[in-house]
Number of protein chains: 2
Amino acid sequence: MDANVVKILVSSPIFRDISPSQLDIMLDCLNPKINTYSKNSYIAVEGEPYTGLGILLSGEAAIIKESASGSRVIMTVIGPGDLFGEMIAFSPRKHWPASVFAQGTCSVMFLPPEKIIGECTQVCGGYKQLIKNMLVLLSTKALMLNQRVEYLAIRGMREKISIYLLEQYKINQKNTFVLPLKRNELADFLSVSRTALSRELGRMRDEGIIEFYRTSVKINNLAMLRRGAE
Amino acid sequence: MDANVVKILVSSPIFRDISPSQLDIMLDCLNPKINTYSKNSYIAVEGEPYTGLGILLSGEAAIIKESASGSRVIMTVIGPGDLFGEMIAFSPRKHWPASVFAQGTCSVMFLPPEKIIGECTQVCGGYKQLIKNMLVLLSTKALMLNQRVEYLAIRGMREKISIYLLEQYKINQKNTFVLPLKRNELADFLSVSRTALSRELGRMRDEGIIEFYRTSVKINNLAMLRRGAE
DNA sequence: AAAAATCGGTAGCTATGGCTACCTAAAGTG
DNA sequence: CACTTTAGGTAGCCATAGCTACCGATTTTT
């Protein structure tokens, strides 16, 4: 196994607290497959047969849901070491519930899910840790989705923006910060149209609550921003 | 341990494929606590300290999210044998991400989460199965939340209703069926106002797509319903 | 059985926000 | 360096859906 790949894997949450030597033994057991995908191609397509637990080794990919009408919602953007398809691995379902889209050239390792809960319990020492990691990962995933539901359930545009900005403010601990999402992506994330988002941001600027230029934002009136979040 | 409680537990997904005798040994190990809650009281309150993995032994409870503005969103309704708080059990978070509300008199068993991944690996035989069950449960939960995100991300009222009814149709395999939710609950689930929901249902009836009375629905024109879902 | 609470449909009013269109600035690309 | 593409702000139009109010029907409580 390529030393570079091992380096990514040991830093990946699924192999957390598993030593490179243990990992080496486990990989023999887990029987992984590595594929490469070019920019703007689909790594996995919603509705198609499940191809296993994915680990992104290099590149950047987006997990997206597309409604029948064609509108896309970005769930998350993942980078090297991140997983995808961990939800389906242990469920009865056998097809992708969302698409995975390569935003740059990507290389991906797939693990057959049966192997993780498989028979090699005695052989692999890191097995117990792997299971523990999976439990933590799935919990975290579920909680993230929960948070997403929270955002989507918010009705008002002003409210959505305010809550989002307050969260970013909390993360950065500064009045001025750079958003991790471009307007388009933010609009998708909050499930609103980009133009309406820009309009409301403009209004909030006119009211002296915030200043912004592209993805950088400055909070001028925290109290008013809080009021906007109700 | 009460025989009735054991009966509920062995039917609960968390103890699936664990025999009553194994269960008995495990319960000694897991150190559960049982509480009773009266109708319309809170079993757990969003934001308050986590009290452990909950198993509903009797009664009916609703998992609800309440936004700052006070609007409530029903996540699910659970019955005897169902779990709650399984997401937080293995995550770093230590407070409830949602509230659990007793819709009738409820009795609840709480398991300290440390115990599940705990040290008693060698002692308890059902331990491995328990872990497996937890993985399946968490996967299923995450997938359910995923589906919820799907619904919330849908913009149009007609689209939401159509997709919901088509799903119910698929479940029941009949043109006439009874919805599992009352209007209020359905409105909450789809995150729309009850009145707007009723109005749109009325329109769909006027267009000859459906008929309905209270929670019973009959699909008169499946093709048109499908078109409404885009 | 009467009273109270819940459930659900309808109507009118209005604000929110989606959509189209357009324009400028920035960033890639050959 | 010119050209294309992407990102983002602005404006006007208008349909969607939220809100209030009300009323009748049904269920629950006393």
Side-chain angles (χ1 to χ4, degrees), chain A residues 39-40 60 62 67 69-74 77 103-105 151-162 164 178-207 210-217 228 230, chain B residues 38-40 60 62 67 69-74 77 101 103-105 151-164 178-207 210-217 228-230:
Chain A
K39 183 175 178 177
N40 291 332
E60 196 179 84
S67 84
S69 50
S71 66
R72 311 160 92 223
V73 181
I74 294 184
V77 175
Q103 297 197 316
T105 307
Y151 267 109
L152 291 176
I154 297 167
R155 299 223 208 267
M157 174 77 77
R158 175 68 64 104
E159 219 179 324
K160 286 190 191 209
I161 296 174
S162 299
Y164 181 77
V178 175
L179 302 178
L181 300 174
K182 300 178 195 294
R183 284 289 176 285
N184 250 323
E185 297 169 333
L186 183 55
D188 272 351
F189 178 73
L190 300 177
S191 191
V192 296
S193 77
R194 183 190 60 82
T195 53
L197 172 62
S198 271
R199 174 173 51 199
E200 190 63 28
L201 282 169
R203 276 186 201 136
M204 291 172 78
R205 184 192 46 209
D206 295 346
E207 293 173 29
I210 53 170
E211 280 171 49
F212 60 92
Y213 176 73
R214 305 242 148 189
T215 54
S216 63
V217 176
E230 279 182 336
Chain B
S38 55
K39 183 177 176 177
N40 291 333
E60 196 179 83
S67 84
S69 50
S71 66
R72 312 160 90 223
V73 181
I74 295 183
V77 175
F101 190 75
Q103 296 196 316
T105 307
Y151 267 110
L152 291 176
I154 298 167
R155 299 220 208 268
M157 174 76 77
R158 173 69 63 104
E159 219 180 325
K160 284 190 192 208
I161 296 173
S162 299
I163 292 177
Y164 181 78
V178 175
L179 301 178
L181 300 174
K182 298 178 197 294
R183 283 290 177 286
N184 249 323
E185 298 168 331
L186 183 55
D188 271 352
F189 178 74
L190 300 177
S191 191
V192 296
S193 78
R194 184 190 60 82
T195 53
L197 173 61
S198 271
R199 173 173 49 199
E200 191 63 28
L201 282 170
R203 275 186 203 140
M204 291 171 78
R205 184 192 46 209
D206 296 345
E207 294 172 30
I210 53 172
E211 280 171 48
F212 60 92
Y213 176 75
R214 304 243 148 188
T215 54
S216 63
V217 177
E230 283 181 335

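Any value given below was found using the heavy atoms of this structure, including those in side chains, with hydrogens, waters and symmetry copies removed. Chain A is the first sequence line, chain B the second, and so forth, proteins listed ahead of strands; every chain is numbered from 1.
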From CZ of A:Arg183 over to C1' of C:dA25, roughly how many Å is that when rounded to an integer? 14 Å
B:Asp188 side chain near B:Asn184 side chain, heavy-atom distance below 4.5 Å: no
Polar pair under 3.5 Å, donor/acceptor by atom type, side chain A:Arg194, base D:dG9: yes
Axis bend over the full length of the helix from C:dA1-D:dT30 to C:dG30-D:dC1, computed from five pairs that close each end, to 10 degrees: 60°
A:Val192 vs A:Glu200, test: side chain to side chain contact (heavy atoms under 4.5 Å, CB included). Steps then yes/no. CA-CA 11 Å; A:Val192 296; A:Glu200 190 63 28; over 6 Å; no
How many Å lie between CG on A:Asp188 and P on C:dG18, as a whole number? 12 Å
On DNA chain C, compare the nucleotides closest to A:Tyr213 and B:Arg199; which residue's is nearer the 5' end? B:Arg199
When the distance from CE of B:Met157 to C1' of C:dG17 is rounded to whole Å, what number comes out? 14 Å
State which of C:dG9, D:dG8, C:dG18 makes the closest approach to the side chain of A:Ser198. D:dG8
Tell me the interatomic distance from A:Leu197, atom CG, to C:dC19, atom P, rounded to whole angstroms. 14 Å
Of all the nucleotides listed (D:dA25, D:dG18, C:dG18), which has the minimum atom distance to the side chain of B:Arg214? D:dA25
Distance, rounded to the nearest Å, where B:Leu186 contributes CG and C:dC7 contributes C1': 14 Å
Which whole-number value in Å describes the distance from A:Arg158 CZ to C:dA15 P? 15 Å
Shortest non-hydrogen contact from B:Lys160 toward B:Ile154: CE-O, 2.9 Å
Which atom names give the shortest non-hydrogen contact between B:Ser162 and B:Gly228, and what distance separates them? OG-C, 3.6 Å
Under 3.5 Å, is there a donor-acceptor pair between the side chain of B:Arg155 and the main chain of A:Ser191? yes
Note: B:Ile163 and B:Ala229 closest approach over all heavy atoms is CG1-CB, 3.7 Å
Using atom CD of A:Glu200 as one end and atom P of D:dA11 as the other, report the distance to the nearest whole Å. 14 Å
Using the rule given for side chain to side chain contact (heavy atoms under 4.5 Å, CB included), can you reason through B:Tyr164 versus B:Leu186, listing the C-alpha separation, both sets of side-chain angles and the distance that settles it, and then say yes or no? CA-CA 10 Å; B:Tyr164 181 78; B:Leu186 183 55; 3.5 Å; yes
With a cut-off of less than 4.0 Å, is there a side-chain N or O of A:Arg205 near OP1 or OP2 of D:dT10? yes
Given C:dG17, D:dT20, C:dG8, which nucleotide is nearest the side-chain atoms of B:Thr195? D:dT20
A:Asp206 CG to D:dT10 C1', straight-line distance once rounded to whole Å: 11 Å
